[in-house]
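Down below is the structure, laid out as structure tokens.
We count ligands from 1, going down the list as the structure has it; atoms in each ligand are counted the same way.
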Amino acid sequence: MPPNPDSPAASPSVPATTTAPTVAPDTTWFTTDRFGMFIHWGLYSLAARHEWVKNREKLTDEQYQVYFDHFDPDRYDPAQWAGAARAAGMRYVVLTAKHHDGFCLWDSALTEYKVTNTPHGRDLVGPFVEACRAEGLKVGLYYSLIDWHHPSFPVDGTHPQRDDEEFRAAADRDIRDYQRYLHGQVRELLTSFGRVDYLFFDFSYADGSWWGGKGPDDWDSPKLLETIRELQPHVLVNDRTGLPGDFVTPEQYQPSGPMTEDGRPVLWEACQTLNGSWGYDRDNLDHKSADLLIRMLVDGVSKGGNLLLNVGPTGRGDLDPCTVAVLGEIGRWMDLHERSVRGCGPSPYTAPTECRYTQRGDRLYVHLFAWPLRHLHLPGLAGRVRYAQLLNDASEITQVHIDPDRPALNTEMGGQPAGTLTLQIPVQRPDTPVPVIELYLDTPDERPQG
Ligand code: GLC
């Protein structure tokens, strides 16, 4: 007998790793929503060739200043971003308040390197937060621990001036000074804009992946997390401060199964790009198709994870046409198939190759990544399904009885292992990127509990 899936899904009951001795925040919204939008936007959007441009091209502050001097996103309309996110089926949005270049999108009292000193002259974070709330979306902020502009951030292997001997020798950089700045800025973010639901810190590298690597001691992560819990105890924090967070963050790959830490299941969220770059990258045409992105979303949910899908608005503040188009296609799919994603998690049943199962209580969703000829064989489900339908149009899908002992004959199917449920599906694949069959499970102990 397969184990009972919890309601709304098996994974919300997974214990999250905790950050502080205080009560762990409620993660229900996160595992219910499943799908969020990441927004990488800042000075690098003007360079339009990847958000690491300052590092990659070893640009000095003076060279990079040109983007600051021309930052004037005249078409900034966060209501449009929030609307696009909601229409795509996303339920939370995470904006880069500060990225590695150190530029702040809000009117921080702790630096002059901020949007209010650019030609734009106005805070961007406040209107973003309001727009999200107006759309009923949860609010997330990204904050870079790395800072290539702050004078006290010790130069390391990630720094644009890493090879400049003179620069390195001249700099009198005390990480404790930077630490105060970072803690102060996080405090600002959590006290200036009302409720924040989610924080994405980026990132720790004390492991030697870069010389001069930095981690929890450099950021004073224990104190940072304590302050966060004090100011907004409900906020979910990622795992990149170098201490365990409320969820882990696989980046630009799909985990091969539910994620664990020290053998214990953990909540996870894959962050993914549309074209390999986070910031607007004009000449990069490595676009993922809507069909692939939907499969990535479904694949993640089938393994108990979320998808945080990135967009990189232009320097004027627009989502570019490719982004709008792909979000539109995802939205059309989500509109018809939302219930196979929202509130769903892994199923205790094992899906056949080219299928992914998600489950919520007594509903099992079969996502078909490939469309077979007329029959779909589902191991272990015979006698457990009281009704089956295509989700896109609620058209009935019938069950075919095949005697398990019968071999396959010239014109008759056979050779299926005992316990296999065979569904008869139309020859025409529904005109949607990922067709879904909704199964109503029959066994009472597979219904939602309580
Ligand atoms: C990486 C990159 C960064 C991006 C982030 C998103 O850590 O440094 O540019 O913001 O991934 O997860």
Side-chain angles (χ1 to χ4, degrees), residues 30 35-59 64 67 90 92-105 125 128 140-150 153 156-160 162 182 185-186 189 198-216 218-219 221 236-243 245-255 259 267-281 284 286 288 293 296 300 305-313 323:
F30 183 72
F35 192 20
M37 175 184 273
F38 215 171
I39 303 178
H40 276 67
W41 196 48
L43 297 184
Y44 46 80
S45 310
L46 269 64
R49 49 184 193 275
H50 201 278
E51 78 286 353
W52 274 60
V53 58
K54 193 180 185 198
N55 163 295
R56 289 180 169 185
E57 299 179 14
K58 301 182 185 168
L59 302 177
Y64 201 71
Y67 307 123
M90 296 152 162
Y92 58 104
V93 187
V94 183
L95 173 68
T96 49
K98 181 190 91 166
H99 203 264
H100 305 338
D101 63 7
F103 177 68
C104 299
L105 299 193
V125 174
F128 161 79
L141 296 174
Y142 167 110
Y143 184 89
S144 174
L145 297 166
I146 297 174
D147 195 313
W148 299 328
H149 183 268
H150 196 278
F153 185 86
D156 60 30
T158 71
H159 200 281
R162 59 195 171 279
L182 135 71
Q185 286 210 315
V186 172
L189 289 173
Y198 170 119
L199 284 174
F200 192 115
F201 289 101
D202 202 28
F203 55 81
S204 295
Y205 47 109
D207 55 4
S209 45
W210 273 283
W211 60 263
K214 297 177 181 54
D218 302 284
W219 323 127
S221 300
L236 301 190
V237 183
N238 77 343
D239 62 334
R240 296 190 184 185
T241 63
L243 293 181
D246 300 305
F247 58 98
V248 303
T249 53
E251 176 175 329
Q252 300 230 47
Y253 73 92
Q254 289 292 112
M259 295 197 74
L267 299 186
W268 65 270
E269 173 196 71
C271 46
Q272 300 283 4
T273 60
L274 290 177
N275 63 358
S277 173
W278 300 92
Y280 179 58
D281 195 359
N284 175 338
D286 202 9
K288 298 178 183 77
L293 292 164
M296 287 159 59
N306 285 24
L307 173 62
L308 185 64
L309 184 59
N310 182 72
V311 301
T323 301

(request) Look at Glu51 together with Arg56 and state whether they make a salt bridge at an N to O cut-off of under 4.0 Å. (result) no
(request) From the options Glu51, Glu251, His100, select the one whose nearest heavy atom is closest to atom 8 (O) of ligand 1. (result) His100
(request) Provide the number and element of each atom of ligand 1 under 4.0 Å from a heavy atom of Cys271. (result) 12 (O)
(request) Could you see which bit of Gln252 sits under 4.0 Å from ligand 1, with heavy atoms only: side chain, backbone, both or neither? (result) neither
(message) Under the rule for ring pair (Phe, Tyr, Trp, His ring centres under 6.0 Å), what residues qualify as partners of Phe103, not counting sequence neighbours?
(response) Phe68, Phe71, Tyr113
(message) Looking only at protein heavy atoms, which one is nearest to atom 2 (C) of ligand 1, and what is the separation?
(response) Trp52 NE1, 3.4 Å
(message) Quick check: His100 with Phe153 (ring centres under 6.0 Å apart)?
(response) no
(message) Under a 4.0 Å threshold between the charged nitrogen and the carboxylate oxygen, would Lys54 count as salt-bridged to Asp101?
(response) no
(message) Within ligand 1, which atoms have a heavy atom of His99 less than 4.0 Å away?
(response) 3 (C), 4 (C), 9 (O), 10 (O)
(request) Examine the side chains of Thr158 and Asp156 and answer whether a donor and an acceptor come within less than 3.5 Å of each other. (result) yes
(request) Give the numbers and elements of all ligand 1 atoms closer than 4.0 Å to a heavy atom of Tyr142. (result) 10 (O)
(message) Nearest 0.5 Å, please: how far is CG in Leu199 from CG in Asn238?
(response) 8.0 Å
(request) If you have a sec, work out which protein heavy atom is nearest atom 5 (C) of ligand 1 and how many Å separate them, to one decimal? (result) Asp202 OD2, 3.2 Å
(request) Around atom 10 (O) of ligand 1, find the nearest protein heavy atom and jot down its residue, atom name and distance. (result) His40 NE2, 2.5 Å
